[in-house]
Amino acid sequence: EFLIKKTDTNTWITSAPLLTPVAISQVMGTGFSITTDFDGFKYDFPCQNILLFANGSGIAPIRAAIESGQLTIASAADGKNGGAGRSCRLYYGVKSPSDMPYADRFARWEEA
């Protein structure tokens with residue numbers, strides 16, 4: 001699944017008919033070491049509060065992190081994540097509601 005921001009210079013892809021074949025390259029980079037940075041003691045203690053910031057199409061990598069399940073968000077009461085009670089808050093901005101990709105998933109993310 002790809003999220004592509006529509007601009008004046010990329011109509012060749014944003015206006016392509018559904019099911020048009022598109023060649024892409026392999027994934028580059030190694031990503032983020034969520035388990036090491038969040039659950040380990042890299043900063044003397046495990047991460048307890050996660051703040052996520054995104055604007056417009058910048059929500060795409062945030063969506064991947066949320067839906068991967070690796071953030072292990074849990075309340076102390078539900079017993080998940082060893083009762084660690086890790087919290088997460090998303091700050092997200094767009095020009096207008098019609099520019100908001102994944103809006104239909106926000107409620108599901110809050111339940112996770």
Side-chain angles (χ1 to χ4, degrees):
E1 179 177 326
F2 293 96
L3 174 62
I4 301 172
K5 180 179 180 179
K6 190 172 187 174
T7 67
D8 295 337
T9 59
N10 69 356
T11 55
W12 63 273
I13 193 164
T14 57
S15 297
L18 188 62
L19 302 177
T20 299
V22 177
I24 58 172
S25 65
Q26 68 182 15
V27 174
M28 305 300 268
T30 58
F32 297 99
S33 55
I34 291 176
T35 303
T36 302
D37 291 343
F38 285 5
D39 296 334
F41 290 90
K42 181 176 181 178
Y43 302 106
D44 297 329
F45 52 87
C47 177
Q48 293 299 306
N49 302 301
I50 302 169
L51 300 176
L52 302 171
F53 296 88
N55 193 19
S57 60
I59 192 72
I62 301 296
R63 177 198 60 88
I66 292 169
E67 293 182 359
S68 73
Q70 292 187 28
L71 297 179
T72 56
I73 307 305
S75 69
D78 68 11
K80 294 180 185 174
N81 192 28
R86 180 177 295 153
S87 67
C88 182
R89 185 169 299 252
L90 170 63
Y91 294 92
Y92 180 47
V94 293
K95 290 180 184 178
S96 70
S98 65
D99 294 332
M100 189 179 294
Y102 309 124
D104 59 323
R105 298 182 188 196
F106 289 178
R108 187 173 0 133
W109 293 348
E110 285 187 51
E111 292 172 4

Name each donor-acceptor pair under 3.5 Å that joins a side chain in residues 13-20 to protein atoms two or more places apart or in another chain, with its distance.
from, atom 1, to, atom 2, distance (Å)
T14, OG1, N10, O, 3.2
T20, OG1, P17, O, 2.5

Pairwise distance CG(L52) to CH2(W109) - rounded to 0.5 angstrom: 9.5 Å
Taking only residues two or more places apart in sequence, or in another chain, which ones meet Y92 in a side-chain contact (heavy atoms from CB on, under 4.5 Å)? A54, I59, L90, V94, M100, P101, F106
Side chain to side chain donor-acceptor pair (under 3.5 Å) partners for S96, two or more places apart: S98, D99
Show every salt bridge (Lys or Arg N to Asp or Glu O under 4.0 Å) that has at least one partner inside residues 58-73, sequence neighbours left out. R63-E67, E67-R105
Listing request: all salt bridge (Lys or Arg N to Asp or Glu O under 4.0 Å) pairs with a residue in residues 2-17, at least two apart in sequence or in separate chains. none
Who else is in L51's hydrophobic cluster (ILVMFWY, side-chain heavy atoms under 4.5 Å, direct or via others)? F53, Y91
